Amino acid sequence: MTRSWSRTSRVIAGTATALAVLTACGGGDDTANKPSGPVTITFWGWAKGSKDVVDAFNASHTDIRVKFEEIPSGTAGGYAKVSNAVKAGNAPDLVSIEYSSLPEFVSSGALQDIGGEFTEADRAKLLPQTVELTTLGGKSWAVPFDAAPQAFFYRKDLFAKYKVQVPTTWDEFRKAAEQVKKADAKARIGTFFPDDPTTFEAMAWQAGAQWFKAENDTWKIDTTDAATTRVTDYWQGLLDAGLVHKNASFSPEWTGSLKNGTTIGYLGASWGAGVLKGTLPEQNGKWAVAPMPSWDGKPASGMLGGTSFAVTKDSGQKAAAVTFAEWMSTTEDGVKARIASGTSSAFPAAAALRPVAKKAFDASYYGGQDIYALFEAAGASIGPNWAWGPTTGTTNTTIKDNFGKITQGGPGIADAVKAGHDATVAELTKRGLKVEG
């Protein structure tokens, strides 16, 4: 696994020329000392359990006080809010940023290099792959919190009722989808999220796609490779056959369909276990977790999300912000505070803290299933060759807008992906970067 991820590291960390702006932008004083007196920092985030973590930190620390504001998830408006605050000069000290969006925030000069505070000894506590995802242009830009391997959540009671086997391949998933629809004309095995391109991207990642590839000083963009085309055609086929719902993620429609049993599966990630538990407490004991179906039945996963904590460029409290970020990510108390809330099933980047997370998460909702063992195996199967580019916001916004236009007999998934490709190439070119694709 380490060897595989080293290739990812070279892809991402080796883009210093293509992302020259990474080393030219980003302010802050790298010589800042650790906080010596009471300071107040502001923190914006959306991950489940964040408020519980802040409360626990404030109750146990007197030298740093954290003021927390919950914002929408990144693609639901959170990133736009952070970007606007940075432009206006009133950004918080610390922000949650998913790995996929970190390169764009770095390239725009929105963040500070935290290498002076987040030391080699600190990074050694975390999985190398998550450290690599937060290292750009040879500099450290964020404290990794978790990894987010894919997983399939399903209503085991309704699978049993409809005599549906849990699928291990995507071919089996389609057959299972057909069985579910035949058993109950209103029920579906899962949902296509038109508002969430990251779920689709995780599917492409799992299939072996490489959308962004940096070679020397050139970005190579390819969203029409065989792996992506396979995923695109597959999901278009499910939509055309009416085998999955099409609802916005976490919308009232989606939640309502889970509550009334007309959606009996959820293709999500490790953090989804806490989401379901918090959203559907009345369904305690009815859900189970399985590995993500794969194309050949062998373990394979992409990464759906994954959180890091970054310091904004105008923060005057970098050391305090990093101290708090590290407490959240690398201490037993920090992980316990988040997981014990019951709403988070985060899979920590700090491998030593996974037993802590497992113990803190009450798995009775899943019948006592050892979901962290499943996440561990899924994490080990994450494909090694995916890298994120510096224009994820443009890519994802364009795909999201075009996913919303998908209609029977009208624009499809392939059209949305093509639009995302074209917008990405245009944006990279606009920024003066060399691009092929």
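What you are looking at is a predicted structure, and each value in this text was computed from that prediction instead of being measured. Numbers for residues simply follow the sequence, beginning at 1.
Taking each heavy atom of Ala321 and Val311 in turn, the nearest pair found is CB-CG2, 3.9 Å. The nearest pair of heavy atoms linking Pro167 to Phe152 is CD-CE2, 4.0 Å. When all heavy atoms of Phe309 and Ser329 are compared, the pair lying nearest together is CE1-OG, 3.6 Å. Here the closest non-hydrogen pair linking Phe403 and Ala416 is CD2-CB, 3.4 Å.
Thr134 is not listed as a side-chain neighbour of Trp141, based on a closest heavy-atom distance of 4.5 Å or more. A heavy-atom distance below 4.5 Å is found between the side chains of Trp205 and Met303. In this structure the side chain of Phe105 reaches within 4.5 angstrom of the side chain of Ser83, judged on heavy atoms. Looking at heavy atoms from C-beta onward, Arg338 lies out of side-chain contact with Lys48 at the 4.5 angstrom threshold. Thr191 has its side chain out of reach of Lys246: every pair of non-hydrogen atoms, C-beta onward, lies at least 4.5 Å apart. For the pair Ile64 and Thr323, the minimum side-chain heavy-atom distance is below 4.5 Å. The shortest side-chain heavy-atom distance between Trp271 and Thr307 does not fall under the 4.5 Å cut-off. Taking 4.5 Å as the limit, some side-chain heavy atom of Leu276 sits within range of a side-chain heavy atom of Leu258.
In this structure, Lys81 forms a cation-pi arrangement with Trp44, its terminal cationic atom sitting closer than 6.0 Å to the ring centre and no more than 45° off the ring axis.
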Exercise for the section: Quick one: do Thr218 and Val435 satisfy side-chain contact (heavy atoms from CB on, under 4.5 Å)? Show the steps, please. Expected result: CA-CA 5 Å; Thr218 301; Val435 59; 5.6 Å; no

Exercise for the section: Apply side-chain contact (heavy atoms from CB on, under 4.5 Å) to the pair Val86 and Leu111, showing each step before the final yes or no. Expected result: CA-CA 9 Å; Val86 169; Leu111 307 177; over 6 Å; no

Exercise for the section: Evaluate the ring-ring contact (aromatic ring centres under 6.0 Å, His included) criterion for residues Tyr154 and Tyr266: first the C-alpha distance (whole Å), next the side-chain angles of each, then the deciding distance (0.1 Å), finally the verdict. Expected result: CA-CA 6 Å; Tyr154 65 98; Tyr266 167 40; over 10 Å; no

Problem - Check against side-chain contact (heavy atoms from CB on, under 4.5 Å), Phe347 and Phe145 - result: CA-CA 8 Å; Phe347 183 63; Phe145 170 62; over 6 Å; no

Handout entry: Full working for side-chain contact (heavy atoms from CB on, under 4.5 Å) between Thr42 and Leu94
Key = CA-CA 6 Å; Thr42 51; Leu94 191 72; over 6 Å; no

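Ring to ring, Tyr79 and Trp46 are close: their centroids are under 6.0 angstrom apart. Proximity of the aromatic rings of Trp386 and Trp211 is defined here by a centroid distance below 6.0 angstrom, and this criterion is met. Checked against a 6.0 Å centroid threshold, the rings of Trp170 and Tyr234 count as neighbours.
Below 30°, between 30° and 60°, or above 60°: for Phe212 and Trp388 the angle between ring planes is between 30° and 60°, a tilted geometry. Classified by interplanar angle (parallel below 30°, tilted 30° to 60°, perpendicular above 60°), the ring pair Phe192/Trp235 is tilted. Between Trp254 and Phe193, the angle of the ring planes goes over 60°, which puts this pair in the perpendicular group of the 30/60° scheme.
The backbone N or O of Ala319 lies less than 3.5 Å from no partner atom in the side chain of Glu117, so there is not a single donor-acceptor pair. Thr229 places no side-chain N or O within donor-acceptor distance of the main-chain N or O of Ala226, the cut-off being under 3.5 Å. When atom types are taken as modelled, the side chain of Tyr366 and the backbone of Phe153 share no donor-acceptor pair closer than 3.5 angstrom. A donor-acceptor pair is defined here as one N or O able to donate and one able to accept, closer than 3.5 Å; such a pair exists between the side chain of Thr331 and the backbone of Gly334. Without hydrogens or angle criteria, Asn58 side chain to Val66 main chain gives a donor-acceptor distance under 3.5 Å.
For the atom pair Arg65 CZ and Thr40 OG1, the distance stands at 7.5 Å (nearest 0.5 Å). Separation of atoms OG1 (Thr228) and CD1 (Ile413) is listed at 12.0 Å; rounding is to 0.5 Å. Here Leu304 contributes atom CG and Gln150 contributes atom CD; the two are 6.5 Å apart, rounded to the nearest 0.5 Å. Going from atom CG of Leu267 over to atom CD of Gln206 covers 9.5 Å, rounded to the nearest 0.5 Å. Expressed to the nearest 0.5 Å, how far OG of Ser308 lies from CD1 of Ile97 amounts to 6.0 Å. Note that the CD atom of Gln112 and the OG atom of Ser315 stand 5.5 Å from one another [nearest 0.5 Å].
Remark: Thr232 pairs with no residue by the side chain to side chain donor-acceptor pair (under 3.5 Å) rule, at least two apart or across chains. A search for salt bridge (charged side-chain N to carboxylate O under 4.0 Å, His left out) contacts involving Lys67 returns nothing, not counting sequence neighbours. In terms of the side chain to side chain contact (heavy atoms under 4.5 Å, CB included) criterion, residue partners of Thr279 (sequence neighbours excluded) are, by chain and number, Thr255, Val275. A search for salt bridge (charged side-chain N to carboxylate O under 4.0 Å, His left out) contacts involving Asp157 returns Arg155, not counting sequence neighbours. Under the salt bridge (charged side-chain N to carboxylate O under 4.0 Å, His left out) criterion, Asp55 pairs with Lys51, sequence neighbours left out.
For residues 359-372, every residue pair satisfying the salt bridge (charged side-chain N to carboxylate O under 4.0 Å, His left out) rule, not counting sequence neighbours, is listed here: Lys358-Asp370. Within the structure, ring-ring contact (aromatic ring centres under 6.0 Å, His included) pairs that include any residue of residues 318-338 comprise Phe43-Phe324, Phe57-Phe324, Phe57-Trp327, His61-Trp327 (at least two apart or interchain). Residue pairs meeting the salt bridge (charged side-chain N to carboxylate O under 4.0 Å, His left out) criterion with at least one partner in residues 195-206, sequence neighbours excluded, do not occur; the list is empty. Residue pairs meeting the side-chain hydrogen bond (donor to acceptor under 3.5 Å, both in side chains) criterion with at least one member in residues 293-306, sequence neighbours excluded, do not occur. Residue pairs meeting the salt bridge (charged side-chain N to carboxylate O under 4.0 Å, His left out) criterion with at least one partner in residues 281-291, sequence neighbours excluded, are Lys259-Glu282. Annotation: side-chain hydrogen bond (donor to acceptor under 3.5 Å, both in side chains) contacts involving residues 390-402, sequence neighbours excluded, comprise Thr395-Thr424. The list of salt bridge (charged side-chain N to carboxylate O under 4.0 Å, His left out) pairs with a residue in residues 376-397, not counting sequence neighbours, reads Arg354-Glu376.
Ion pairing between a basic and an acidic side chain is recognised when a charged N comes within 4.0 Å of a carboxylate O; Lys213 and Glu215 show such pairing. Looking at Lys125 and Glu120, no side-chain N of the basic residue comes within less than 4.0 Å of a carboxylate O on the acidic one, giving no salt bridge.
If you check the side chains of Thr224 and Asp222, you find a donor sitting under 3.5 Å from an acceptor. Between the side chains of Thr168 and Glu172, at least one donor-acceptor pair of N or O atoms lies under 3.5 Å.
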